[in-house]
Amino acid sequence: MVNTFEQLEEQIKGCKKCKLCNNRNNIVLDDGNRNAKVMFIGEGPGADEDAQGKPFVGKAGKLMNQAFKGIGIKREDVYITNIVKCRPPMNRNPEKDEADACLDYLRAQVLLVKPKIIVLLGNVALKTILGSEYGITNTRGKWMEKKDILYLPTFHPAALLRDETKKIYFWNDLKELKKRMENL
Ligand code: URA
Ligand code: SF4
């Protein structure tokens, strides 16, 4: 049990619970506001994130920032993290054993931040948090409540880079999020 972010960060820095520890340059814990009402969960660090020790600072992050700006969401007002805290090699998806090994840290983050809304970015976050029976194409945009937290699954911003037609859905989901944020 950790009581502070400092303790959590120390634990993760020394973590060898899965094989992703072998190639990391930096752990990637979080960015944004640790008291936010809204938490975003991505997949795992890429090369830029691993180099800088911060989530969503590469191409996908820049696209997310653009969407935030257009919709009026401030990065400083939300909390941003990932399923795994160390970079998977070749930017592959985290494997189930890696996601499972890392999940206690995410649980600690949720206890510390106490978000009212959690945005699940893409299939890895969706399946790890809500269950492998879900798929992002069918579930995105559908709000779900579990243990007093509202979940919003949406596309991962990297998916928008591969397929432009997904942008409008991501955009609409964030607009809906913005409306709900105003009433929190
Ligand atoms: N993709 C993610 O899922 N997380 C990051 O931090 C960056 C890219
Ligand atoms: Fe530990 Fe998570 Fe890094 Fe694996 S990904 S070594 S569980 S911090």
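Every number for a ligand or one of its atoms is a count from 1 in the order of the listing.
In this structure, Arg34 forms a cation-pi arrangement with Phe5, its terminal cationic atom sitting closer than 6.0 Å to the ring centre and no more than 45° off the ring axis.
Near Arg24, with a cut-off below 4.0 Å to any heavy atom, the atoms of ligand 2 are 3 (Fe), 6 (S). Heavy-atom contacts of Ile12 reach the following atoms of ligand 2: 8 (S) (cutoff under 4.0 Å). Interface of Glu43 with ligand 1, defined as ligand atoms under 4.0 Å from a residue heavy atom, comprises 2 (C), 3 (O). Near Cys15, meaning under 4.0 Å from one of its heavy atoms, ligand 2 places the atoms 1 (Fe), 6 (S), 7 (S), 8 (S). Interface of Pro55 with ligand 1, defined as ligand atoms under 4.0 Å from a residue heavy atom, comprises 6 (O). Taking a cut-off of under 4.0 Å to the non-hydrogen atoms of Tyr105, the atoms of ligand 2 that pass are 8 (S). Taking every non-hydrogen atom of His156 and a distance limit under 4.0 Å, the qualifying atoms of ligand 1 come out as 1 (N), 2 (C), 3 (O). Here is the list of ligand 1 atoms found below 4.0 Å of a heavy atom in Gly42: 3 (O).
Looking at heavy atoms from C-beta onward, Tyr105 lies in side-chain contact with Lys85 at the 4.5 angstrom threshold. Between Phe40 and Val38 the shortest side-chain heavy-atom distance falls below 4.5 Å. At least one side-chain heavy atom of Pro153 sits under 4.5 Å from a side-chain heavy atom of Ile136.
Comparing heavy-atom distances from atom 2 (C) of ligand 1 across Gly44, Ala158, Pro45 singles out Gly44 as nearest.
Under a hydrophobic clustering in which Ile, Leu, Val, Met, Phe, Trp and Tyr are joined whenever their side-chain heavy atoms come within less than 4.5 Å, directly or via other members, Leu29 and Met64 fall into the same cluster.
For atom 2 (Fe) of ligand 2, the set of nearby N, O or S atoms under 2.8 Å includes one belonging to Cys102. Backbone or side-chain N, O or S atoms of Cys86 reach atom 3 (Fe) of ligand 2 at under 2.8 Å. With a cut-off of 2.8 Å, atom 4 (Fe) of ligand 2 has an N, O or S atom of Cys18 in range.
Remark: of the listed residues Thr154, Asp173, Asn123, Asp173 is the sole one forming a side chain to side chain donor-acceptor pair (under 3.5 Å) with Arg140. The residue from Arg24, Lys17, Arg87, Arg92 that alone fulfils the salt bridge (charged side-chain N to carboxylate O under 4.0 Å, His left out) condition with Glu98 is Arg92.
With hydrogens and angles disregarded, no donor-acceptor distance shorter than 3.5 Å links the side chain of Glu176 to the backbone of Gly141.
Residue contacts with ligand 2, taken as heavy atom pairs separated by less than 4.0 Å, do not involve Lys19 at all.
Ranking protein heavy atoms by distance to atom 4 (N) of ligand 1, first place goes to Asn82 OD1, 2.8 Å.
A donor-acceptor pair shorter than 3.5 Å can be found between the side chains of Asn25 and Asp50.
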